[in-house]
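Below, chains carry the letters A, B, ... as their sequence lines are ordered, and counting in each starts from 1.
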Amino acid sequence: MLGLKRTHSCGDLNSKLDGQEVVLCGWVSRRRDHGGLIFVDLRDRSGMVQVVFSPEVAETAFRKAETVRNEYVLAIRGTVKLRDKDTVNANMPTGEIEISGQELRILNAAKTPPFYIQDDIDVDETLRLKYRYLDLRRPEMQRNMILRHRVTKLMRDFFDRNNFMEIETPILIKSTPEGARDYLVPSRVNPGKFFALPQSPQIYKQILMVAGFERYFQIARCFRDEDLRADRQPEFTQLDIEISFIDREEMLTMMEEMIAYLFKEAIGVEVSTPFMRLSYEDAMNKYGSDKPDLRFDMELIDISDAVKGSEFKVFESMLSSGGRVKAIKVPGYSHIPRKELDGLVEYVSTYGGKGLAWMCYTPDGIKSQITKFFSGAIVDKITVATNAVEGDLLLIMADQPEVVNPALGQLRLEMARRLNMIDSAKLTFLWVVDFPMFEYDTEEKRWVAMHHMFTSPRDEDVEFLENNPGQMRAKAYDMVLNGTEIGGGSIRIYQRELQERIFKAIGFSTEEATEKFGYLLEAFDYGTPPHGGIAFGLDRLLMLMAGRSSIRDVIPFPKTQSATDLMAQAPGSVSSRQLKDLSIKLDVLTKK
RNA sequence: GGCCCCGUGGUGUAGUGGUCUAACAUGCCGCCCUGUCACGGCGGAGAUCGAGGGUUCAAAUCCCUUCGGGGUCGCCA
């Protein structure tokens, strides 16, 4: 670089280097021009340091510094100097020192950026995404990307130490039924045929177990063509793991160890193990979610028995048709405004709740729109069942369990958010286990695998496979952190006979199963070890570690909600020549 | 596909039918300034209010359509 060789990084400088000559490279974060003295905050990946230019020290460098603007790229030769006590900046890690600039080279000029290159900016995300290279230049985004690097490095260390092998699996694979919508890639060589991008490396990693690799992991890109959310991108990264000769307990223990290691080494947080275990059934009944946020209590309380025999027809008819009446107790919120209560009714309606009753235990007695239907004995029973005391608010819903649990579970979360009951510094891990094997798809009128169709049922439940599949539970497990599912997996089926019975149970004909998964079934015939696996959502894990509320902040180049890349303007059109090569004719539906 | 929120100088906002010839902050440009660190002082430029259509004597403001972004339900084994 014109004879200047970089010797240090800005953030690494400290008072021990007093008097030393250094050469720094970086971007101008800010320039403060005092006329006869110019301060430049020089920023690189490591941090920031103040450089001072004075005409008495270096006239030429000073003149050049006058022309410098924000985000110019500079190389600076200067001397590390301790600052006078009254000019020390305690808010800056390098605030005890500054660089006395002797030589300045402008490596490149820069236009004024459309937003500030600093933390905590308040700017439309559209702009951040369009100028992602500037957004990524902001210290907090740099930290997020550094964290991402650190965490994947630690994962590789951990698995290497535990005798795992990192093995790549194909990106161009065969489209398989079930699950999310596939991204498709046309095959030029095979006109009319398509590859799919993997939703996960599921089958390949099981084949690797058949192949005898015993312990596999991969930091694998996965693709799902579904609608986006704050925690869902069309392409995302999984830490994918598969292990032979392992049972569920060993699996959970090893993963707890791995997670604890990551949190300790990456962000210095001690995670205590083992994690709490909760059955799917308990999770749904107590928290109305298969990924409950356990940073606060407020459990769902079943008050069906307490309200039985009341004059309230809504409850009575619901109970007689197999429904339940459940409540959450919001402590100390009996003074909730009527208007907010009305809003809550609307809130639960988005989750299928048809109504919401309330009981406010105010100092002037219980205020409620339903107690007029209740005898004093029933009111007492409700109070006992919920342990409600003066000041509490009960929110009550009646419906079939599959409606009342999720809706009340969402309300539980919402009330906790509104009343600031969630300690954001807390990390509460748990395992949810014993998921149902199947759930009934009312549209398709058949059973579908809840996890996926390679999941092993619990041994004691296999007998229900043909007669009562709804009762079967699977050897599946999810790791949950603060209400977010960060990982999930299962012990797999490794016997062809059982796998074929499962296919049959979810309505796969033998021909269909053979066409789609024949190679897996055939592989099972050649000595398949018992095995199981798990996959973690790397982006979600990083989001939580970084304390962000969207995975877009930990993905360098994420897509918008409409699955576009605002910087690269992808997706885009292709030439007719390209389409012809692929034997593709477009038939784009235009909106009226 | 449904519902909700947002779109006004570079950026973030104010403005909810006429006095808007669009305000404020910050940024930008110029001049001054030797200890600032969100430096300071003075001056200046900069927006036809996302786009299109309509209502009206009059639209940033009301109506319709549309585009873009975000949240969410469905969807995501």
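- Taking 4.0 angstrom as the limit, A:T564 places a side-chain polar atom (N or O) nearer than this to OP1 or OP2 of B:rG69.
- The nucleotide B:rU56 finds no pairing partner, because no Watson-Crick or G-U wobble arrangement with both distances shorter than 3.5 Å includes it.
- For B:rG10, the OP1/OP2 oxygens have no side-chain nitrogen or oxygen of A:T112 closer than 4.0 Å.
- Side-chain N/O atoms of A:R229 include one lying less than 4.0 angstrom from OP1 or OP2 on B:rC73.
- Phosphate contact (OP1/OP2 of B:rC39, side-chain N/O of A:R32, threshold under 4.0 Å): present.
- Comparing A:Q202 and A:T350 along RNA chain B, the residue whose closest nucleotide (by nearest heavy atom) sits nearer the 5' end is A:T350.
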Passes salt bridge (Lys or Arg N to Asp or Glu O under 4.0 Å), A:R224 versus A:E226? Steps please. CA-CA 6 Å; A:R224 292 176 191 176; A:E226 297 289 351; over 6 Å; no

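- Residue-environment remark: CD (A:E281) stays at or below the threshold of 12 foreign heavy atoms within 6.0 Å.
- Taking the six-membered ring where tryptophan is involved, the planes of A:Y183 and A:F223 are perpendicular, since the angle between them exceeds 60° and thus also 30°.
- Within residues 532-544 of chain A, no residue has any heavy atom under 4.0 Å from RNA chain B.
- B:rG74 and B:rC67 are spaced 24 Å apart, taking the C1' atom of each and rounding to whole Å.
- Nucleic acid contact class of A:F115 (heavy atoms, under 4.0 Å, all strands): none.
- One interatomic measurement links the two molecules: CG of A:D33 to P of B:rG40, which rounds to 13 Å at whole-angstrom precision.
- If you check every strand for non-hydrogen atoms under 4.0 Å, A:D124 touches sugar and phosphate atoms only.
- Both A:R552 and A:E178 sit near RNA chain B, but only A:R552 has its closest nucleotide nearer the 5' end.
- Note on A:I121: nothing from the nucleic acid sits closer than 4.0 angstrom, heavy atoms only.
- The gap from the C1' atom of B:rC64 to that of B:rC24 amounts to 33 Å, rounded to the nearest Å.
- Residue A:S562 places at least one side-chain N or O under 4.0 Å from the OP1 or OP2 atom of B:rG69.
- If you check distances only, the side chain of A:R31 never reaches the base of B:rG27 with a donor-acceptor pair under 3.5 Å.
- The distance between atom CG of A:D122 and atom C1' of B:rG70, rounded to the nearest whole Å, is 13 Å.
- The side chain of A:Q50 places no N or O atom within less than 4.0 Å of a non-bridging phosphate oxygen (OP1 or OP2) of B:rU36.
- Using a 4.0 Å heavy-atom criterion, one finds that A:L127 contacts the sugar-phosphate atoms exclusively.
- Rounded to an integer number of Å, the gap from CD of A:E346 to P of B:rC73 is 15 Å.
- Note on A:R43 versus A:D41: no salt bridge recorded, every NZ/NE/NH1/NH2 to OD/OE distance being 4.0 Å or above.
- If you take CG of A:L134 and C1' of B:rU11, they are 13 Å apart, rounded to a whole angstrom.
- The one candidate from A:Q202, A:K205, A:Q218 that meets the side chain to side chain donor-acceptor pair (under 3.5 Å) condition with A:D240 is A:K205.
- The same atom, P, is picked in B:rG68 and in B:rG30; the two are 39 Å apart, to the nearest Å.
- Contact check, A:N70 against B:rC28: a side-chain N or O comes under 4.0 Å of OP1 or OP2.
- For A:D227 against B:rG74, a side-chain N or O and a base N or O form a donor-acceptor pair under 3.5 Å.
- Between B:rC63 and B:rU72, the distance separating the two C1' atoms is 27 Å to the nearest Å.
- Here A:V123 lies in heavy-atom contact (under 4.0 Å) with sugar-phosphate atoms only.
- A straight line from CD of A:Q561 to C1' of B:rG74 spans 13 Å, rounded to a whole angstrom.
- Within a 6.0 Å radius of NZ in A:K130, no more than 12 heavy atoms belonging to other residues, nucleotides or ligands are found.
- For A:D227 and A:R232, the salt-bridge test fails: no basic side-chain N is under 4.0 Å from an acidic carboxylate O.
- Across all strands, A:Y351 comes closer than 4.0 Å only to sugar-phosphate atoms, never to a base (heavy-atom distances).
- Taking only side-chain atoms of A:F39, from C-beta outward, the nucleotide of B:rA38, B:rU72, B:rU36 with the closest atom is B:rU36.
- Checked by distance alone, A:R232 brings a side-chain donor or acceptor within 3.5 Å of a matching partner on the base of B:rC75.
- Two residues are said to be in side-chain contact when any heavy atoms from C-beta on lie closer than 4.5 Å; A:L197 and A:E235 fail this criterion.
- Between B:rG50 and B:rC31, the distance separating the two P atoms is 36 Å to the nearest Å.
- Separation of the P atoms belonging to B:rA38 and B:rA51 is 37 Å when rounded to the nearest angstrom.
- In this structure, the CD atom of A:E414 is 14 Å from the C1' atom of B:rC73, given to the nearest Å.
- Under 3.5 Å, the side chain of A:E98 and the base of B:rG35 form at least one donor-acceptor pair of N or O atoms.
- Ion pairing between A:R132 and A:D135 holds under the 4.0 Å rule for side-chain N and carboxylate O.
- Sparse packing is recorded around CZ of A:R45, with 12 or fewer heavy atoms of other residues, nucleotides or ligands lying under 6.0 Å away.
- A donor and an acceptor atom sit less than 3.5 Å apart, one in the side chain of A:R83 and one in the base of B:rU36.
- Separating the C1' atom of B:rA59 from that of B:rG15 is a span of 13 Å, rounded to the nearest Å.
- Taking atom C1' on both B:rC28 and B:rA47, the two are 15 Å apart, rounded to the nearest angstrom.
- Per the geometry, CG belonging to A:N91 stands 14 Å off P belonging to B:rU36, to the nearest Å.
- Of the nucleotides present, B:rG71 is the one that pairs with B:rC3 by Watson-Crick or G-U wobble criteria, both distances under 3.5 Å.
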